Amino acid sequence: MRNTAKITTAVLAAGALTFGLTACGSSDSGSGSDTDGPLVVAASPVPHAEILNYVRDNLAKDAGLELEVREFTDYVTPNTATEDGSVDANYFQNQPYLDDFNKKKGTHIVPVVTVHLEPLGLYSHKVKSADDLKSGATIAVPNDTVNEARALKLLADNGLITLKDGVGNEATPADITKNPKKLKFKELEAAQTPRSLDDVDAAVVNGNYAIEADLQPAKDALVLESPKDNPYGNFLAVKEGNEDDPRVKKLAELLTSPEVEKFIEDKYAGSVIASF
C-alpha cells in the first residue's frame, strides 16, 4: 500500500484522506458543471488510475477528451468528492458497495459502464494452502459491509466456513453457521488487510490493494474469486444527472475499447480481468 499519492495532472482534491494522506484542492479544476473543461476522475491508484492514465496518454487526445486523474487511497472520499462536485466522476468500486454507500451516506452516485473485475483473494505469509490453516487461525477481512460479506462468501465457497442461507451482501462473522477450523476474524479497513499479513495467519485482500502490495492474485492467492457470474465488476461512476455529460460518454467508450482490453490483459496477466 502506498503511503503517499501520485499527482497525475493536478493537485489532489481537498480533504484529508484515510491514513493521514492530505490533499489540496483547486477551485478551477474544471470539475462540476463545466463540461468544456477537463474531466476530473477520482480513482484508486492500482489498477484504476493506471488504466485511466493509459487512456489519457494514448487514447484521449485523439478522441478530443482532456482527462485529469486524481488518486485516492481510501474507499470513501472518491464518492463524497463526486457527490459534492470536487471531481466529475470516479472509478474504483462495484455495484453492491455503491448501493450500500448510497444508502448509508445519502449520496446519489450511479454507474456508467463496467470496466473490469479484481478477484478477491485469500493470502498468507505463513501457509501455502487454505487447507494448511490450523485450528484457531486468525483471518483478516475488510470491515466495510459489502467487502466483508464478499470475503466471507469467498471462504464459504472454498469450504472453510458455512454461512446462513440468504445472508447476501450484509454477512458478518455472526452469520457463520459452521466453522470447523474455529477460525477467528480480524476486521480491518480494506487497505490495511495486506499490511496485516505478518500479524495474522491469512488475510482476504481486495484485488487493487493486493496488486499495490506486490501480490499477484492469479499466482499468490490461496483461493481466488471466480470471474464467472461475478457481480463485483468495477465501473466508472458519476453523480446522478451527469450520465449524459459528453466527456463522460467519451471516457466510457474509451474505457471499453479493444485497446484498453489489451492493456489490461498484457499488464495484469489475469490479476485484473476486463469485464466488457
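For clarity, every value in this text was computed on a predicted model and none was experimentally measured.
- Between Lys103 and Asp99 there is no salt bridge, since no side-chain nitrogen of the basic residue lies less than 4.0 Å from a carboxylate oxygen of the acidic one.
- Scanning for side chain to side chain contact (heavy atoms under 4.5 Å, CB included) contacts around Ser275 gives Thr114, Leu117, with sequence neighbours left out.
- A salt bridge links Lys262 with Asp266: at least one charged nitrogen is closer than 4.0 Å to a carboxylate oxygen.
- Expressed to the nearest 0.5 Å, how far NZ of Lys126 lies from OG1 of Thr138 amounts to 8.0 Å.
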Q. Going through the distances and angles, do Val238 and Ile109 end up as a side-chain contact (heavy atoms from CB on, under 4.5 Å)?
A. CA-CA 6 Å; Val238 297; Ile109 312 301; over 6 Å; no
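- Within a 6.0 Å radius of NZ in Lys184, other residues, nucleotides and ligands contribute 12 heavy atoms or fewer.
- Contact annotation: the side chain of Asn94 approaches that of Val146 to within less than 4.5 Å [non-hydrogen atoms, C-beta and beyond].
- Asp245 places a side-chain N or O within donor-acceptor distance of the main-chain N or O of Arg247, the cut-off being under 3.5 Å.
- In plain terms, the two heavy atoms of Asn206 and Pro142 that are nearest each other are OD1-CG, 3.6 Å.
- Cluster membership check: Ile264 shares its hydrophobic cluster with Val112, using side-chain heavy-atom separations under 4.5 Å among Ile, Leu, Val, Met, Phe, Trp and Tyr.
- Taken together through direct or relayed side-chain contacts under 4.5 Å among Ile, Leu, Val, Met, Phe, Trp and Tyr, Leu52 and Phe276 form part of one hydrophobic cluster.
- Checking side-chain atoms of Asp100 against main-chain N and O of Pro96 turns up no donor-acceptor pair under 3.5 Å.
- Donor-acceptor pairing under 3.5 Å is recorded for the side chains of Ser129 and Asp132.
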(Q) For a side-chain contact (heavy atoms from CB on, under 4.5 Å) check, start with the C-alpha distance between Leu67 and Leu254, then their side-chain angles and the critical distance, and finish with the verdict. (A) CA-CA 11 Å; Leu67 180 62; Leu254 296 177; over 6 Å; no
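- Side-chain N or O atoms of Glu189 include one that pairs as donor or acceptor with a backbone N or O of Ala191 at under 3.5 Å.
- The shortest heavy-atom contact between Asp88 and Pro38 is OD2-O, 3.5 Å.
- Between the Arg70 side chain and the Ala43 main chain, no donor and acceptor come within less than 3.5 Å of each other.
- Residues Ile176 and Lys178 share a closest heavy-atom pair of CG2-O, 3.3 Å.
- Of all the heavy atoms in Lys250 and Ala63, the pair that sits closest is CD-O, 2.9 Å.
- A 4.5 Å side-chain heavy-atom check between Leu39 and Leu65 finds at least one atom pair inside the cut-off.
- By the 4.5 Å heavy-atom criterion applied to side chains, Glu243 and Val248 are not counted as neighbours.
- Put simply, the side chain of Lys267 does not reach to within 4.5 Å of the side chain of Tyr54, judged on heavy atoms.
- Using a 4.5 Å heavy-atom cutoff, the side chains of Val141 and Thr193 are not in contact.
- Note that the NZ atom of Lys186 and the CG atom of Asn143 stand 12.0 Å from one another [nearest 0.5 Å].
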Q: I would like to know whether Asp165 and Thr177 meet side-chain contact (heavy atoms from CB on, under 4.5 Å); could you show each step before the answer?
A: CA-CA 9 Å; Asp165 288 343; Thr177 57; over 6 Å; no
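- With 3.5 Å as the limit, one finds no donor-acceptor pair spanning the side chains of Asn79 and Thr82.
- No side-chain donor-acceptor contact under 3.5 Å links Ser257 to the backbone of Glu253.
- Taking the side chain as every heavy atom from C-beta outward, Leu155 and Val204 approach each other to under 4.5 Å.
- A ring pair (Phe, Tyr, Trp, His ring centres under 6.0 Å) with His116 is found for exactly one of Phe263, Tyr91, Tyr232, namely Tyr91.
- Ion pairing between Glu225 and Arg150 holds under the 4.0 Å rule for side-chain N and carboxylate O.
- Summarising the geometry, atom CG belonging to Asn230 is positioned 11.0 Å from atom CD belonging to Glu118; distances are rounded to the nearest 0.5 Å.
- Contact detail for Ala130 and Leu122: the closest heavy-atom pair is CB-CD2, 4.4 Å.
- Under the 3.5 Å distance criterion, the side-chain polar atoms of Lys239 are matched with a main-chain donor or acceptor of Glu83.
- Counting heavy-atom neighbours within 6.0 Å of Glu170 CD, excluding the residue itself, gives a total of 12 or less.
- Judged purely by atom type and a 3.5 angstrom limit, Lys153 has no side-chain atom pairing as donor or acceptor with the backbone of Leu163.
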Q) Taking it one step at a time, do Val41 and Glu68 satisfy side-chain contact (heavy atoms from CB on, under 4.5 Å)? A) CA-CA 6 Å; Val41 184; Glu68 181 177 316; over 6 Å; no
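- Atom OG1 of Thr80 and atom CG of Asp84 lie 6.0 Å apart (nearest 0.5 Å).
- Side-chain N or O atoms of Ser124 include one that pairs as donor or acceptor with a backbone N or O of Val127 at under 3.5 Å.
- One finds the CG atom of Asn90 at 10.0 Å from the CG atom of Asn234 (value rounded to the nearest 0.5 Å).
- Looking only at side-chain heavy atoms (C-beta outward), Tyr268 and Ile273 stay at 4.5 Å or farther from each other.
- Of all non-hydrogen atoms in Pro111 and Gln95, the two that sit nearest each other are CG-OE1, 3.3 Å.
- Between the side chain of Thr172 and the main chain of Ala174, a donor-acceptor pair closer than 3.5 Å is present.
- Looking at Gln93 and His48, their side chains never bring a donor and an acceptor atom within 3.5 Å of each other.
- A donor-acceptor pair is defined here as one N or O able to donate and one able to accept, closer than 3.5 Å; such a pair exists between the side chain of Asn179 and the backbone of Leu183.
- Below 30°, between 30° and 60°, or above 60°: for Phe92 and Tyr97 the angle between ring planes is above 60°, a perpendicular geometry.
- Using a 4.0 Å cut-off between a side-chain N of Lys or Arg and a carboxylate O of Asp or Glu, Lys134 and Asp201 do not qualify as a salt bridge.
- You'll find the side chain of Asn147 reaches within 4.5 Å of the side chain of Asp144, heavy atoms only.
- A donor and an acceptor atom, one from each side chain of Thr145 and Lys104, are located under 3.5 Å apart.
- Distance check: Asp220 CG to His125 NE2 gives 8.5 Å after rounding to the nearest 0.5 Å.
- Linking Ile, Leu, Val, Met, Phe, Trp and Tyr residues whenever their side-chain heavy atoms come within less than 4.5 Å leaves Val223 and Leu197 in two separate clusters.
- Tyr123 and Ile139 fall into different hydrophobic clusters, defined by Ile, Leu, Val, Met, Phe, Trp and Tyr side-chain heavy atoms under 4.5 Å apart, directly or through other members.
- A centroid separation of less than 6.0 Å is found between the aromatic rings of Tyr75 and Tyr209.
- In terms of hydrophobic clustering, with Ile, Leu, Val, Met, Phe, Trp and Tyr side chains grouped at heavy-atom distances under 4.5 Å, Leu59 and Leu251 are assigned to a common cluster.
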